[in-house]
Amino acid sequence: MRALAVVALAAVLAGCGRKVEVKTAPQPANQIALDVTNNAAVGMNVDVINGGNDIFLGQVAANSTKLMPVPGLPSGTTVTLKATATDGSHTYSKAGVVLSGMYAWTVP
């Protein structure tokens with residue numbers, strides 16, 4: 001019985017000796033982003049509108065700049081940019097923007 005247990009243990013250990021390779025995921029070839037400068041005295045909620053769908057990117061604080069990645073859209077996509085004041089007082093938009101690499105946008 002002992003001999004059978006030793007043989008079984010040796011078989012299990014031999015099966016665990018395979019080589020494992022660890023790799024990182026490939027980086028997106030064309031990551032796109034908006035570099036938004038907010039010159040207003042209030043924060044702005046920033047959206048990208050593509051095909052009638054709003055994609056919320058985040059919020060830019062008053063009188064500041066923020067780099068915002070644009071997820072899920074390939075380079076070359078034509079969109080409308082929208083920035084809405086957090087207090088609801090103003091909305092700014094820019095249509096016909098072709099996203100490629102980094103796009104700088106200043107509001108207002």
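Sequential numbering from 1 along the given sequence is applied to the chain's residues. Note that these values count all heavy atoms, side chains included, but never hydrogens, waters or copies made by symmetry.
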Got [X] and [Y] here, is their nearest side-chain heavy-atom distance under 4.5 Å?
X: L99; Y: V70; result: yes
X: V36; Y: K66; result: no
X: V107; Y: L81; result: no

Distance in Å, [X] [atom1] paired with [Y] [atom2], rounded so as to fall on 0.5 Å steps:
X: M44; Y: T91; atom1: CE; atom2: OG1; result: 8.0 Å
X: L67; Y: L34; atom1: CG; atom2: CG; result: 8.5 Å
X: M68; Y: W105; atom1: CE; atom2: CH2; result: 10.0 Å
X: N45; Y: T84; atom1: CG; atom2: OG1; result: 6.5 Å
X: N39; Y: S64; atom1: CG; atom2: OG; result: 9.5 Å
X: M102; Y: Q31; atom1: CE; atom2: CD; result: 12.0 Å

Is it true that a side-chain atom of [X] and a backbone atom of [Y] form a donor plus acceptor pair closer than 3.5 Å?
X: N63; Y: A41; answer: no
X: K82; Y: I49; answer: no
X: N50; Y: D54; answer: no

Candidate pair S93 and T80, rule side-chain hydrogen bond (donor to acceptor under 3.5 Å, both in side chains), full reasoning: CA-CA 7 Å; S93 63; T80 297; over 6 Å; no
